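These values consider heavy atoms only, across backbone and side chains, with no hydrogens, waters or symmetry-generated copies. Bear in mind that the values here come from a model prediction, so they are computed numbers and not experimental data.
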Amino acid sequence: MCGIVGIVAKSNVNQALYDALTVLQHRGQDAAGMVTCHEGRFALRKDNGLVRDVFRQRHMERLVGNMGIGHVRYPTAGGASSSESQPFYVNSPYGITLAHNGNLTNVESIKKELFTSDLRHINTNSDSEVLLNVFAHELHRLGKLQPAPEDIFTAIKEVHKRCRGGYAVISMITGYGIVGFRDPNGIRPIVFGKRTTGKGTEYMIASESVALSALGFTLVRDLEPGEAIYIDVDGNLHSQQCAENPQLVPCIFEHVYLARPDSIIDNISVYKARLRMGEKLAEKILREYPDNDIDVVIPIPDTSRTSALQLAYRLGVKFREGFIKNRYIGRTFIMPGQSQRKKSVKQKLNAIDLEFKGKNVLLVDDSIVRGTTCKQIIDMAREAGANRVYFASASPAVRYPNVYGIDMPTAEELIGHNRTDEEVAKIIGADWLIYQNLEDLLDCALEGNANIKKFECSVFNGEYVTGDIDQDYLDRLEAQRSDAAKIVRHRSDTVYDDNIAIDLHNNK
């Protein structure tokens with residue numbers, strides 16, 4: 001889960017990129033980066049931290065140019081090294097920078113090909129750098145002094161042939177234009193829009209439509225799975241399908257948790273999908289607990305609020321805000337170690353006692369991943385005086401790791417893995433627990449776009465759409481993603497990483 005943006009405009013894009021990255025900050029709080037192009041040269045700034053901390057006035061003054069790309073990152077494999085901040089850059093051919101959201105599932109085999117056959121060096125552990133070098137190599141093979149749109153699309157066709165997994169990509173070819181493309185299954189989201197100024201038409205590509213609307217761009221559409229669009233430096237738009245057998249299988253977890261509710265993804269309103277999740281969940285509660293004694297429904301801020309509101313309305317009980325959130329604390333499932341995660345929950349939420357005291361409370365969250373946060377929140381509710389505490393998840397039990405760009409824990413660290421609902425309820429301390437049915441969750445999204453035939457739901461059902469995931473792969477993933485591995489990696493970064501922030505004009 002990262003956020004990407006690219007803009008081709010008629011004036012400097014640095015402020016627009018900054019504003020877009022701020023809107024997309026929910027997709028990554030580990031690092032941020034931006035690169036712009038002016039008169040055939042580029043300026044790059046990237047570092048660990050939030051957008052507001054990475055870009056200072058001295059950086060913005062150097063990031064000049066009418067086109068550029070940006071990225072906000074959280075580490076897919078749990079690392080937090082600034083050397084893996086994006087965008088990445090290669091000088092040959094043309095000078096190419098790239099920002100990527102997703103994960104390549106065959107990255108190890110591609111790395112070997114790049115070294116032994118393509119004679120390219122990979123300097124980080126990021127699959128984004130691998131993807132960049134594949135794209136650059138395929139462009140280089142064409143041997144063109146100046147790339148035409150058809151050359152770029154030819155290179156992307158080869159990228160799709162070589163790379164597997166989920167990926168949404170924005171790349172800038174220095175002095176020529178910006179290209180965006182989406183994996184053949186359309187797992188990760190990417191949209192584009194345009195706006196008209198007195199100087200002409202400007203284009204923007206981004207992870208979510210909310211970034212477009214916030215900057216006054218009109219959403220044109222999502223990129224199709226396997227499709228690429230190229231916007232040249234003069235603002236001309238070119239598009240082409242570059243995959244042989246594309247099929248739209250978007251990630252359902254975008255609608256559950258990742259995306260902002262005011263975004264439109266694959267023609268589905270995230271807000272309306274979450275309203276329907278609340279409706280479906282309420283109906284399940286009425287079926288399984290027809291004589292329930294719920295006094296009040298309280299959401300766990302922020303992503304569950306929409307579903308909880310509709311759930312309370314359908315049940316005919318009060319909806320109240322029982323927790324106040326400290327908005328300066330990041331998303332907890334991203335954090336590298338269990339002790340840090342536990343500490344952050346106490347810093348993140350504070351209960352309003354009068355909403356709990358003497359009441360039977362139904363807490364609603366978008367999902368339950370490790371269960372650590374849920375247990376602490378239930379404890380907080382009891383400490384605030386709740387009589388009974390029930391818990392509802394707007395999504396099914398998360399039982400399997402994600403391999404397409406979401407840093408889910410290993411299977412053994414998922415509280416729902418190999419446990420019944422009753423066992424999970426006992427561990428988190430709920431009087432009873434209810435999950436959304438997978439079929440109902442899918443219906444909530446499909447109602448927004450009946451043309452979608454299937455969603456990527458691997459975290460719920462263990463079915464991986466790319467067909468290349470076996471137990472050996474999951475075992476390797478576990479070695480990278482476990483809390484123990486993250487702590488070791490974090491210590492290593494602290495010792496060896498120099499916290500490099502790249503600025504080609506003034507490296508400081």
Side-chain angles (χ1 to χ4, degrees), residues 4-21 34-44 60 62-71 87 89-99 132 135-136 138-140 142-157 159 168-182 190-207 209 211-213 215-224 227-242 504-505:
I4 56 176
V5 59
I7 300 175
V8 178
K10 303 300 181 181
S11 59
N12 282 332
V13 298
N14 51 1
Q15 187 62 53
L17 287 171
Y18 178 95
D19 293 342
L21 291 177
M34 183 193 309
V35 60
T36 60
C37 179
H38 178 63
E39 295 181 349
R41 300 185 67 184
F42 75 84
L44 171 65
M60 297 295 285
R62 302 186 198 106
L63 289 163
V64 296
N66 292 1
M67 68 176 183
I69 66 176
H71 185 268
Y89 164 75
V90 291
N91 71 329
S92 178
Y94 316 118
I96 302 174
T97 54
L98 180 144
L132 167 61
F135 179 45
E138 296 303 333
L139 266 178
H140 183 81
L142 298 176
K144 299 291 185 69
L145 182 61
Q146 296 180 330
E150 56 268 25
D151 300 321
I152 293 168
F153 295 141
T154 296
I156 294 171
K157 289 178 182 178
V159 171
V169 177
I170 300 177
S171 179
M172 183 173 70
I173 305 174
T174 305
Y176 292 100
I178 287 177
V179 59
F181 58 95
R182 194 178 188 186
I190 182 170
V191 300
F192 76 96
K194 63 180 181 180
R195 69 182 179 188
T196 302
T197 69
K199 297 181 180 180
T201 301
E202 300 178 334
Y203 287 94
M204 178 176 176
I205 312 170
S207 293
S209 64
L212 305 180
S213 57
L215 273 71
F217 284 80
T218 300
L219 173 64
V220 175
R221 61 178 175 83
D222 301 82
L223 270 69
E224 298 294 329
E227 183 187 18
I229 63 170
Y230 172 59
I231 306 157
D232 64 36
V233 70
D234 296 319
N236 300 306
L237 175 70
H238 313 266
S239 65
Q240 186 172 312
Q241 176 55 252
C242 297
L504 295 188
H505 290 294

Go through the structure and list residues passing ring pair (Phe, Tyr, Trp, His ring centres under 6.0 Å) with Tyr230, not counting sequence neighbours.
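Ring pair (Phe, Tyr, Trp, His ring centres under 6.0 Å) list for Tyr230, sorted by chain: His238.
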
Is there a side-chain contact between [X] and [Y] (heavy atoms, below 4.5 Å)?
| X | Y | value |
| --- | --- | --- |
| Met172 | Val35 | yes |
| Ile7 | Ile205 | no |
| Ile229 | Val179 | no |
| Ile69 | Met34 | no |
| Phe135 | Ile152 | yes |
| Cys242 | Phe181 | no |
| Arg195 | Thr218 | no |
| Asn66 | His38 | no |

Pair Val5-Leu21, side-chain contact (heavy atoms from CB on, under 4.5 Å): steps then yes or no
CA-CA 7 Å; Val5 59; Leu21 291 177; 3.6 Å; yes

Is [X] reaching over with its side chain to a backbone N or O of [Y], donor-acceptor style, under 3.5 angstrom?
| X | Y | value |
| --- | --- | --- |
| Asn14 | Leu63 | yes |
| Asp151 | Ala148 | yes |
| Thr36 | Met67 | no |

Closest contact, heavy atoms only, [X] versus [Y]:
| X | Y | answer |
| --- | --- | --- |
| Ser209 | Leu219 | CB-CD2, 4.1 Å |
| Val13 | Gly68 | CG2-N, 3.7 Å |
| Glu202 | Lys10 | OE2-N, 2.9 Å |
| Pro93 | Leu139 | CG-CB, 3.9 Å |
| Ile156 | Ala228 | CD1-CB, 3.5 Å |
| Pro87 | Thr97 | CB-CB, 4.4 Å |

Taking only residues two or more places apart in sequence, or in another chain, which ones meet Lys199 in a salt bridge (charged side-chain N to carboxylate O under 4.0 Å, His left out)?
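With neighbours one apart ignored, the set is empty.
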
For the CG atom of Leu44 and the SG atom of Cys37, what is their distance to the nearest 0.5 Å?
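Atom-to-atom, Leu44:CG and Cys37:SG are 12.5 Å apart.
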
Salt bridge or not between Glu150 and Lys144? Use side-chain N to carboxylate O under 4.0 Å.
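The answer is no: the pair does not qualify as a salt bridge.
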
Tell me every residue that passes side chain to side chain contact (heavy atoms under 4.5 Å, CB included) with Asp234, counting only those two or more places apart in sequence or in another chain.
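Asp234 satisfies side chain to side chain contact (heavy atoms under 4.5 Å, CB included) with Asp232, Asn236 once adjacent residues are dropped.
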
Looking at Arg221, Lys157, Arg182, which hits salt bridge (Lys or Arg N to Asp or Glu O under 4.0 Å) with Glu227?
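Checked Arg221, Lys157, Arg182 against Glu227; only one passes salt bridge (Lys or Arg N to Asp or Glu O under 4.0 Å): Arg221.
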
